Enquirer: 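Pasting in a structure now, in C-alpha cells, and then I'll have a few things to ask.
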There are 2 protein chains.
Amino acid sequence: MEAKVEDRGGIFANHRQPTRIQAVNREIILEAALEVFAIHGFRGSTVDQIAAKAEMSKPNLLYYFRRKQDIYRAVLEHTLADWLAPLAAIDPAGDPIEELRRYITLKLDMSAKRPAASRLFANEVLAGAPVIGDFLETRLRELVHEKAGVIRRWVSESRLAPVDPVHLIFMIWAATQHYADFDVQIRAVLGSQVDKPGFREQTAQAVLSIVLNGIRPRM
Amino acid sequence: MEAKVEDRGGIFANHRQPTRIQAVNREIILEAALEVFAIHGFRGSTVDQIAAKAEMSKPNLLYYFRRKQDIYRAVLEHTLADWLAPLAAIDPAGDPIEELRRYITLKLDMSAKRPAASRLFANEVLAGAPVIGDFLETRLRELVHEKAGVIRRWVSESRLAPVDPVHLIFMIWAATQHYADFDVQIRAVLGSQVDKPGFREQTAQAVLSIVLNGIRPRM
DNA sequence: CTCCGATTTTACCAAATAGTCAAGAATCCG
DNA sequence: CGGATTCTTGACTATTTGGTAAAATCGGAG
C-alpha cells in the first residue's frame, strides 16, 4: 500500500521541507515567545504580546503556530536540550573538582547568556510543570540519578567530601539559575555593578569558592 | 473646622475598625489568593479562581478588595515581613557559623512550611518585580548591605573563610528557596521520598554541609 | 511573464475576564 | 422587636483574548 501520505494539515506538523520564510519566521516567533513566556509564564502571556514582539500580525503568527500552546511547547522543546547539556557533560572519568568546577561555570554562563531560558523553566515549574512534567519524571530523573551515582563514587573514593549528591546537584542548579531568575532582585541589591565587566567572574569565583571550600575558616 | 472625615470609600482603606466578618473573610481571601498567585503569578491568575478557592462569589470577594491588584498587593505585604525576618535576625554579636547555620535552617523551615510565599515572590520577581521593586531597592538593599557588613567583619576577623558576603547571601536564598519554588522538579527527581519524615533534616544537613564545609575533600 | 501555492492581512467571533450595580439577606444594636 | 448597617448575590457590561475565515498579496518555478 505505502500510501503517499501527502497529509493535510497545512505547514504544521507535517513532513514537508520548510521554506526559507518558514524557517526564518518560526525562529523569530520562538525568540519573541521565549522573551514573553519567560516573564509572565504561559497563562500570563498573550498571543498579541508575542506577535507584537515578533513584529508580526496575530493571524500571521497563528499561521505558523495554530495555538498558543503550540508556541509554548515549541519554545520549551527548543530550549530543554541546551539547558540540560552541561549536566550530561559531566565526565565520570574526569577529576571531580575540575568536573564540578566546569559544570558550575557552564551553568553560570548559560544563566548570563540565556537568562530567558532559565526564567521560562522557572515559570513552568512554578506553574506545576504541566508541560514538562513527564520529561522531569523520566529523562531528567534518570540523568540526575546517573550523575548522582558518579558523584557518589567520587565520594566513596574520597575524592570529594561526604555529601549527598542529589542535594549537591540541586544546590548547583539553585545557585546558578538564581542569577538569571532573580536578576531583578540582584540588580536591586547590587545596582549597576551587575553590568560591569568583571561581575560574572566575581560571581563564578564566589559560587565556586563556597561550593568547593565552604565558608568555615581553614586554619 | 476639623471636619469629621467620615470618609467615603466603603470599608476599604479607611480607618474604621473591621468587623469580625471582615477580619475573617479578608483572611480567607488572602490565603486563597496566596495559593493562586503563587502558582500562576499576577497576570496568570483570575479573580474567579481566587473566589472559587475562597468559596465565595466573585462580587462578594470584590466587596472586600475592589480590584485584583488590591488583593495582590495585600497578599504581598502580608507575606513580605515574615519572609525577610530571618535575615534581619542575624546577630552581629553571635558566633558566625552558628548564626549562618540558624539562618539557613530558618529559611529551609520557611520554604517547607510556607512554600506558597516563596513561589509568590519568585513569580513577582520573574515578572520584573512590578509591585515590590521599590521595596527591593530600598529596604531589602539596605538590609542586605547591613548584614553583608557583618559577614565582612567576620571574614576580616578570620572567623569565616574569605567569601563575598553578598554572593553568600544570594546563595543561601537560592539554595533554600529552591526547595519551595522547584518543589515539583524535586519531587520528579526524588519521588515520594520528599514526603518522608526525615527529608527536611536530610536536606538541611546537606545544604549546611556544603555551605559550611564545601565539597573539597579534607584530609 | 504567468500561474499556483505560500504568506499576509482585514474583519470577524465566542469565550473569558475584571469589574459594576442594585436588590435581597443577614447581622448588629438600641 | 425594628431600623440601620453590613454582607451577599444574580444579572449585567466592557474589554481582552484566543482563534477563524476568506480575501488579498507575494514569490518562485517553469
Side-chain angles (χ1 to χ4, degrees), chain A residues 4 6-30 32-33 36-37 39-75 127 130-131, chain B residues 4 6-30 32-33 36-37 39-75 127 130-131:
Chain A
K4 38 179 174 137
E6 203 54 277
D7 101 62
R8 287 290 57 229
I11 61 177
F12 314 105
N14 69 3
H15 323 296
R16 217 168 303 167
Q17 182 90 340
T19 68
R20 200 186 67 257
I21 295 180
Q22 278 171 37
V24 168
N25 281 348
R26 278 168 176 271
E27 200 54 43
I28 290 174
I29 292 168
L30 290 180
V36 173
F37 285 134
I39 292 175
H40 288 117
F42 177 74
R43 294 206 24 182
S45 302
T46 72
V47 177
D48 291 276
Q49 278 180 296
I50 300 169
K53 182 146 286 191
E55 295 177 283
M56 194 177 285
S57 72
K58 180 168 62 166
N60 197 15
L61 186 152
L62 288 167
Y63 170 73
Y64 291 101
F65 295 91
R66 277 179 137 78
R67 295 179 304 170
K68 185 183 168 186
Q69 255 205 25
D70 298 340
I71 316 174
Y72 186 65
R73 294 189 120 92
V75 175
V131 172
Chain B
K4 40 181 170 130
E6 204 55 278
D7 103 60
R8 288 289 57 232
I11 60 177
F12 315 104
N14 69 5
H15 322 296
R16 217 169 300 164
Q17 182 92 339
T19 68
R20 199 186 68 258
I21 293 179
Q22 277 171 38
V24 168
N25 281 349
R26 279 168 175 271
E27 200 55 42
I28 290 173
I29 292 168
L30 290 180
V36 174
F37 285 134
I39 292 174
H40 289 116
F42 177 73
R43 295 208 20 189
S45 302
T46 72
V47 177
D48 290 278
Q49 278 180 296
I50 299 169
K53 183 145 285 190
E55 294 176 282
M56 193 177 288
S57 71
K58 180 166 63 167
N60 197 15
L61 186 153
L62 288 167
Y63 169 75
Y64 291 100
F65 295 90
R66 276 178 138 77
R67 296 179 304 169
K68 186 183 166 185
Q69 255 205 23
D70 297 341
I71 315 172
Y72 186 64
R73 295 190 119 91
V75 175
V131 172

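Treat the numbers as computed from the prediction; the structure is a model and nothing was measured. We name chains A, B, ... by the order of the sequence lines, and we start the count at 1 in each one. Only this structure's heavy atoms are used, side chains among them; waters, hydrogens and symmetry mates stay out.
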Enquirer: Could you tell me whether the phosphate oxygens of C:dA6, OP1 or OP2, come under 4.0 Å of any side-chain nitrogen or oxygen in A:Gln22?
Expert: no

Enquirer: Could you give the CZ-to-C1' distance, from B:Arg43 to D:dT16, as a whole number of Å?
Expert: 10 Å

Enquirer: On DNA chain C, nearest-nucleotide positions of B:Phe42 versus B:Arg20: which is more 5'?
Expert: B:Phe42

Enquirer: Would you sort out whether A:Tyr64 and A:Ile21 count as a side chain to side chain contact (heavy atoms under 4.5 Å, CB included), showing the intermediate values?
Expert: CA-CA 11 Å; A:Tyr64 291 101; A:Ile21 295 180; 3.5 Å; yes

Enquirer: Both B:Thr46 and A:Met56 contact DNA chain C. Taking the nearest nucleotide for each, which residue is further toward the 5' end?
Expert: A:Met56

Enquirer: Just N and O in the side chain of B:Ser57: are any of them under 4.0 Å from OP1 or OP2 of D:dT9?
Expert: yes

Enquirer: Tell me: CD of A:Gln69 to C1' of D:dG18, nearest whole Å?
Expert: 12 Å

Enquirer: Which nucleotide in the list D:dG18, C:dT9, C:dT17 gets nearest to the side chain of A:Pro59?
Expert: C:dT9

Enquirer: In whole Å, I'd like the distance from the CZ atom of A:Phe37 to the P atom of D:dG18.
Expert: 9 Å

Enquirer: Test B:Asp48 against every option in B:Lys53, B:Lys68, B:Lys58 by the salt bridge (charged side-chain N to carboxylate O under 4.0 Å, His left out) rule and name the one that passes.
Expert: B:Lys58

Enquirer: Determine whether B:Ile71 and B:Phe42 make a side-chain contact, defined as any pair of heavy atoms from C-beta on separated by less than 4.5 Å.
Expert: no

Enquirer: If the cut-off is 4.0 Å, is B:Tyr64 near the phosphate of D:dT8, judged by side-chain N/O to OP1 or OP2?
Expert: yes

Enquirer: For A:Tyr72 and D:dT17, what is the distance between atoms OH and P respectively, to the nearest whole Å?
Expert: 18 Å

Enquirer: Checking side chain to side chain contact (heavy atoms under 4.5 Å, CB included) between A:Met56 and each of A:Leu62, A:Ile50, A:Leu61, which is the one that passes?
Expert: A:Leu61

Enquirer: A:Arg67 CZ to D:dT20 P: how many Å, rounded?
Expert: 8 Å

Enquirer: Tell me the interatomic distance from B:Gln49, atom CD, to C:dG19, atom P, rounded to whole angstroms.
Expert: 15 Å

Enquirer: Where the side chain of A:Leu62 is concerned, which of C:dA18, D:dC7, D:dG19 is the nearest nucleotide?
Expert: D:dG19

Enquirer: Can you check whether any acceptor in the base of C:dG19 is under 3.5 Å from a donor in the side chain of B:Lys68, or vice versa?
Expert: no

Enquirer: How many Å lie between NZ on B:Lys58 and P on C:dT17, as a whole number?
Expert: 9 Å

Enquirer: Check A:Ser57 against A:Ala51 and note the closest heavy-atom contact, atom names and distance.
Expert: C-CB, 4.1 Å

Enquirer: Reckon B:Asn25 has a side-chain N or O less than 4.0 Å from the OP1 or OP2 of D:dT6?
Expert: no

Enquirer: To the side chain of A:Asn60, which of D:dC7, C:dT17, C:dT9 is closest?
Expert: C:dT9

Enquirer: Expressed in angstrom and rounded to an integer, what is the separation of A:Asp70 atom CG from D:dT20 atom P?
Expert: 10 Å

